[in-house]
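Inspection log for the structure reproduced underneath, given as structure tokens.
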Protein chains: 2
Amino acid sequence: MALHTKEQLTAVIKSAGLRLTDHRLAILATLARVKQPVTVYELVDTLRKKENIDQATVYRNLTSLHEAGLLRRLDFNHGHAHYELETGEASHQLVCNSCETVEKIEGISIDSAVQKMLKRSKKFKNATTHSIEIYGVCKHCA
Amino acid sequence: MALHTKEQLTAVIKSAGLRLTDHRLAILATLARVKQPVTVYELVDTLRKKENIDQATVYRNLTSLHEAGLLRRLDFNHGHAHYELETGEASHQLVCNSCETVEKIEGISIDSAVQKMLKRSKKFKNATTHSIEIYGVCKHCA
DNA sequence: TTTAAATATGCAAATTATTTGCATATACGT
DNA sequence: ACGTATATGCAAATAATTTGCATATTTAAA
Ligand SMILES: [Mn+2]
Ligand SMILES: [Mn+2]
Ligand SMILES: [Zn+2]
Ligand SMILES: [Zn+2]
């Protein structure tokens, strides 16, 4: 699931039932390379250096990849979306209230507590993903 | 901290260092009455039935109340903001991927796990709030 | 391989959510 | 009551995202 090689990316796209296009490959490859959730603006900017691609295409592909379950979408209350690869694991991050930087926190599981929440509310059987955001002021802005 | 009476709302606004206006009172009162995080559109719609208020005024007041720490802002990846009273406690909700309904989950604390996350990342000293969203498909949409 | 239908793309224009400029009105300390 | 800072309405501007449409590409079938 490392999603490094072009073959892996290709396989993931196809097994998701999506058509294989250069743009889709490039979008996935970029997200696989980057460590933080990326904004659409950043993604378009990055992709445009390598290929001719329109923002509408990026938006449409992000939506289809997300609907196929390959991407996770996050907001952070920034007024714009951020995307990252969907790993199936929980996504945790620290969000600075001042500069809006986002820092991913790895290696901590809150799954048991989340499972408790899910059981408490019996109505949500098919819960898929969850995300936890902690809002505060980062070291740099403090 | 129930924020029911007009006196309580007034006190909260003034002690936040904000001027007392009818609009601010009405906005806070509405948010105190509603159980779920509310969209700006819903809020404007509700307020317009009682008083003459412009959306710009609502946006400006939501921002000032939020900056004063009285409101919490949530996104849920809906492309628009939602607001609720800031209780100081964590805010947990189930978000349906299909119909976008939001269900608040009360009475469960994940604070210990969140504190662990905060310690793990020493850089975030002044963390204020956190929110956990669980995305899935609600009973009605399943 | 062609071929045809389904899907993807670029480009421009449209929508939605949110913000801002500016003239006037209101809040509140003095 | 007065003066200044802040709030408001209204219209216009921005920012994020979506959509229409003509053309290009993908893919499965022939
Ligand atoms: Mn951002
Ligand atoms: Mn919503
Ligand atoms: Zn910061
Ligand atoms: Zn639903």
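No hydrogens, no waters, no symmetry mates; every other heavy atom, side chains included, goes into these values.
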Result block: side-chain N/O donor-acceptor pairs under 3.5 angstrom for residues 104-119 of chain B, not counting sequence neighbours:
from     : atom 1 : to       : atom 2 : distance (Å)
B/Lys104 : NZ     : B/Glu84  : OE1    : 2.9
B/Ser109 : OG     : B/Asp111 : N      : 3.1

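- From B/Ser91, atom OG reaches atom CG of B/Leu85 across 11.0 Å, with rounding to the nearest 0.5 Å.
- Taking A/Ala68 as the reference, A/Ala16, A/Leu18, A/Leu70 meet the side-chain contact (heavy atoms from CB on, under 4.5 Å) condition, with sequence neighbours excluded.
- If you check residues 61-84 of chain B against DNA chain D, the residues with a heavy atom closer than 4.0 Å are B/Asn61, listed by number.
- For B/Asp75, the side-chain contact (heavy atoms from CB on, under 4.5 Å) partners are A/Asp75, A/Asn77, B/Arg73, B/Ala81, not counting sequence neighbours.
- Shortest non-hydrogen contact noted between A/Ser131 and A/Arg72 is CB-NH1, 4.3 Å.
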Can you name the atoms? Protein N/O to nucleotides 27-30 of chain C N/O, anything below 3.5 Å, with the distance.
from   : atom 1 : to      : atom 2 : distance (Å)
C/dA27 : N3     : B/Arg19 : NH1    : 3.3
C/dC28 : OP1    : B/Leu20 : N      : 2.8

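- Among pairs with a residue in residues 43-57 of chain B, those fulfilling side-chain hydrogen bond (donor to acceptor under 3.5 Å, both in side chains) read B/His23-B/Glu51, at least two apart in sequence or across chains.
- Taking the ring centroids of A/His82 and A/Phe76, they lie under the 6.0 Å cut-off.
- Rotation axes derived from the C1' atoms of the five outermost pairs at either end of the helix from C/dT1-D/dA30 to C/dT30-D/dA1 lie 40° apart, to the nearest 10°.
- The salt bridge (charged side-chain N to carboxylate O under 4.0 Å, His left out) analysis of residues 17-34 of chain B, with sequence neighbours excluded, yields no pairs.
- The line from CD1 of B/Ile132 to CG of B/Leu94 is 11.0 Å long, rounded to the nearest 0.5 Å.
- Between B/Tyr59 and C/dT19 there is no side-chain polar atom (N or O) within less than 4.0 angstrom of OP1 or OP2.
- Residues from residues 37-56 of chain A placing a heavy atom under 4.0 Å of any atom in DNA chain C, listed by number, are A/Asn52, A/Ile53, A/Asp54, A/Ala56.
- When the salt bridge (charged side-chain N to carboxylate O under 4.0 Å, His left out) test is applied to A/Glu103, the partners found at least two apart in sequence or on another chain are B/Lys123.
- D/dT8 atom C1' lies 16 Å from atom CG of B/Leu25, rounded to whole Å.
- Under the 4.5 Å side-chain criterion, counting only non-hydrogen atoms from C-beta, A/Gln93 is not in contact with A/Ile134.
- In this structure A/Thr63 satisfies the side-chain contact (heavy atoms from CB on, under 4.5 Å) test together with A/Glu67, sequence neighbours excluded.
- Here B/Lys14 pairs with B/Thr10, B/Leu20 under the side-chain contact (heavy atoms from CB on, under 4.5 Å) rule; sequence neighbours left out.
- Contact annotation: B/Arg60 does not reach the phosphate of D/dA7 (side-chain N/O to OP1 or OP2, under 4.0 Å).
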